[in-house]
Trainee: 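What follows is a structure written as structure tokens; I'll ask about it next.
Here the structure is a predicted model, which means the values were calculated and not measured. Labels below follow one simple rule: chain letters A, B, ... track the order of the sequence lines, proteins then strands, and each chain is numbered from 1.
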2 protein chains.
Amino acid sequence: MADGRGTSSHSGENLLFLTDEQLRQAIEAMFFAYRGFTADPDRILVDMAYGRAHHRAIHFINRAPGTTVNNLLGLLGVTKQSLNRVLRTLIADGLVQSQVGKSDKRERHLHLTEAGRALEQTLSDAQRVRMRSAFREAGPEAVAGFRTVLETMMDPEMRHSYMRLKENGG
Amino acid sequence: MADGRGTSSHSGENLLFLTDEQLRQAIEAMFFAYRGFTADPDRILVDMAYGRAHHRAIHFINRAPGTTVNNLLGLLGVTKQSLNRVLRTLIADGLVQSQVGKSDKRERHLHLTEAGRALEQTLSDAQRVRMRSAFREAGPEAVAGFRTVLETMMDPEMRHSYMRLKENGG
DNA sequence: TTGGAAAGTCAACAACGCTGACGTAAACTT
DNA sequence: AAGTTTACGTCAGCGTTGTTGACTTTCCAA
């Protein structure tokens with residue numbers, strides 16, 4: 001594992017892309033790219049009283065309208081106290097609407113208001129601009145590879161959530 | 001931009017991979033994958049008094065031994081006060097060594113100690129395990145695409161830093 | 001009817017970003 | 001030689017976002 005090679009010896013395939021050095025570079029690429037990935041929405045959010053956590057909540061409520069708090073908790077991977085702080089401000093500011101469940105009145109179903117949808121548009125438009133130009137520059141084959149690797153990198157539960165959202169959205 | 005298509009009309013190429021929905025899925029993939037990406041080192045760090053910021057500092061000091069504080073600042077993209085808080089504990093704990101510059105005595109050159117290198121190994125081994133299995137599963141072509149997209153996604157300055165590190169490491 | 005899940009709240013805390021201000025030493029620039 | 005800039009460290013204070021722990025209310029289900 002610390003031998004400078006990704007694996008010992010294999011059935012003749014070229015596994016040079018699995019060397020520690022290659023993996024190290026990929027780790028750095030993830031780090032730098034993620035910085036770029038979040039930079040654009042972050043710039044918008046600083047002006048308002050919001051942060052990245054608000055963006056994430058808004059994103060997933062838009063993506064899965066009517067989702068419950070518990071479900072959102074699973075998607076975001078944070079504690080309910082942490083999410084609650086964010087949701088409270090979003091509801092108070094009229095960006096998110098929380099309605100008691102019909103069949104199960106313990107649950108709260110979350111929806112974006114008109115204003116919430118507007119902010120979501122602004123944020124995701126900003127984020128997509130970078131993505132789109134990167135995708136266009138890299139080309140369809142690179143993009144396919146990109147997504148394949150990201151998907152295999154996720155924890156199984158995250159992959160499951162991701163796939164469900166994917167089916168929903170088309 | 002909110003028309004459900006990535007672009008309006010083009011010279012006959014298939015640009016379906018640039019639709020808003022495709023980009024939205026990619027954004028979610030980045031989010032979920034990055035969670036996985038940081039999960040393993042994070043688990044190790046909680047036991048010690050360290051966090052992700054310590055990991056990043058250790059990573060880049062290992063990667064660019066003898067780097068100055070200023071240079072590290074640029075790589076990490078944080079303020080010197082933020083970095084200093086992290087460096088102070090790492091130096092106090094004997095993981096990082098800071099030596100006054102020879103030619104320019106204002107500079108501090110940073111190196112990992114034996115203990116620092118040991119921790120770096122532990123952390124990056126943990127992180128590479130996931131990367132390696134994802135890479136192996138996805139295959140070389142997917143990995144190449146993955147890296148291409150990440151690189152085009154970076155801010156130009158970050159890409160520059162990334163490339164310089166790449167040349168250094170081989 | 002009682003146990004427990006779901007949701008919300010309060011309090012306290014930690015990691016890690018930020019700004020602003022200040023100090024020191026070394027290195028440049030004029 | 002004097003003045004300015006650069007590199008670094010540090011203090012103080014603040015904001016976002018994560019955490020635990022404890023506690024209440026609501027309400028479904030056994």
Trainee: Which one, dT17(D), dC16(C), dC8(D), comes nearest to the side chain of T68(B)?
Mentor: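 Of all the options, the side chain of T68(B) is nearest to dC8(D).
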Trainee: Run the side chain to side chain contact (heavy atoms under 4.5 Å, CB included) test on Q99(B) and R108(B) for me, step by step, so that the C-alpha distance in whole Å, both residues' side-chain angles and the decisive distance to 0.1 Å come before the verdict.
Mentor: CA-CA 5 Å; Q99(B) 48 188 220; R108(B) 303 297 138 87; over 6 Å; no
Trainee: Can you find a heavy atom in the side chain of M154(B) that is under 4.5 Å from one in the side chain of H160(B)?
Mentor: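 SC-SC contact between M154(B) and H160(B) ruled out.
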Trainee: For R108(A) and dC27(D), what is the distance between atoms CZ and P respectively, to the nearest whole Å?
Mentor: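 Checked: the CZ to P distance equals 8 Å.
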Trainee: Just how far, in rounded Å, is C1' of dA7(C) from CD of Q99(A)?
Mentor: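 Whole-Å distance recorded here is 16 Å.
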Trainee: Can we say R35(A) and D155(B) salt-bridge, meaning some charged N sits less than 4.0 Å from an Asp/Glu carboxylate O?
Mentor: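 No.
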Trainee: Which pair of heavy atoms, one from A33(A) and one from M153(B), lies closest together, and at what distance?
Mentor: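 Where A33(A) meets M153(B) most closely, the heavy atoms are O-CE, 3.8 Å.
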Trainee: Please tell me which of V86(A) and R85(B) maps to the more 5' nucleotide of DNA chain D, matching each residue to the nucleotide holding its nearest heavy atom.
Mentor: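 Its nearest nucleotide being more 5', the pick is R85(B).
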Trainee: Measure CG/N84(A) against P/dT24(D) and give the value in whole Å, please.
Mentor: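 Whole-Å distance recorded here is 18 Å.
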Trainee: For R88(B) and dT10(D), what is the distance between atoms CZ and C1' respectively, to the nearest whole Å?
Mentor: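 Rounded to the whole Å, the gap is 7 Å.
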Trainee: If you assign L83(B) and K80(B) each to the DNA chain C nucleotide with the nearest heavy atom, which residue ends up on the more 5' nucleotide?
Mentor: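 Nearest nucleotide further toward 5': that of L83(B).
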Trainee: From CD of E107(A) over to P of dC27(D), roughly how many Å is that when rounded to an integer?
Mentor: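 In whole Å, dC27(D) P lies 13 Å from E107(A) CD.
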Trainee: Inspect the contact between D42(B) and R52(B) and indicate whether a charged nitrogen and a carboxylate oxygen are less than 4.0 angstrom apart.
Mentor: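 Salt bridge between R52(B) and D42(B), a charged N being under 4.0 Å from a carboxylate O: yes.
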Trainee: Check each of L18(B), V149(B), L23(B) against V143(A) using the side-chain contact (heavy atoms from CB on, under 4.5 Å) test, and report the only one that passes.
Mentor: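 Among L18(B), V149(B), L23(B), the one that satisfies the side-chain contact (heavy atoms from CB on, under 4.5 Å) with V143(A) is V149(B).
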Trainee: When you measure from the side-chain N and O atoms of N70(B) to the phosphate of dC8(D), is any distance below 4.0 Å, counting only OP1 and OP2?
Mentor: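 The answer is yes; a side-chain N or O of N70(B) sits under 4.0 Å from OP1 or OP2.
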Trainee: dG8(C) C1' sits how many Å from L110(A) CG, rounded?
Mentor: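 Rounded to whole Å, this separation is 13 Å.
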Trainee: Give each protein N/O atom lying under 3.5 Å from an N/O atom of nucleotides 27-29 of chain C, with the pair distance.
Mentor:
from, atom 1, to, atom 2, distance (Å)
dA27(C), OP1, S103(B), O, 2.9
dA27(C), OP1, K105(B), N, 3.1

Trainee: Does the dG21(D) base have a donor-acceptor partner in the side chain of Q81(A) within less than 3.5 Å?
Mentor: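 Counting by modelled atom types and ignoring angles, a donor-acceptor contact under 3.5 Å is found here.
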Trainee: Among Q97(A), Q121(A), R117(A), H59(A), whose side-chain contact (heavy atoms from CB on, under 4.5 Å) with L112(A) holds?
Mentor: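 With L112(A) as partner, side-chain contact (heavy atoms from CB on, under 4.5 Å) holds for just one option, R117(A).
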Trainee: For the pair made of CG in D42(B) and C1' in dA15(C), what is the distance, rounded to whole Å?
Mentor: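 For the pair D42(B) CG and dA15(C) C1', the rounded distance is 11 Å.
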Trainee: Using a strict threshold of under 4.0 Å (side-chain N to carboxylate O), is an ion pair present between E151(B) and K166(B)?
Mentor: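 Looking at E151(B) together with K166(B), the answer is yes, because their closest N to O distance falls below 4.0 Å.
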Trainee: With rounding to the nearest 0.5 Å, note down the distance linking CG in L123(B) to CD in Q127(B).
Mentor: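 One gets 8.0 Å once the value is rounded to the nearest 0.5 Å.
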Trainee: Just one of Y34(B), F60(B), F37(B), Y162(B) clears the ring-ring contact (aromatic ring centres under 6.0 Å, His included) bar with F31(A), so which one?
Mentor: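 Testing each of Y34(B), F60(B), F37(B), Y162(B) against F31(A), the sole residue satisfying ring-ring contact (aromatic ring centres under 6.0 Å, His included) is F60(B).
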Trainee: Taking the nucleotide of DNA chain D with the nearest heavy atom to each, does S98(B) or H54(A) sit closer to the 5' end?
Mentor: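 Here S98(B) is the residue nearer the 5' end.
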Trainee: Taking atom P of dG9(D) as reference, at what distance in whole Å does atom CG of L72(B) sit?
Mentor: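 From L72(B) CG to dG9(D) P: 11 Å.
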Trainee: Taking only the side-chain nitrogens and oxygens of T79(A), find out if one of them lies under 4.0 Å from OP1 or OP2 of dT19(D).
Mentor: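 Result: yes.
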Trainee: Looking at residues 43-52 of chain A, who's got a heavy atom less than 4.0 Å off DNA chain D?
Mentor: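 Output list: A49(A), G51(A), R52(A).
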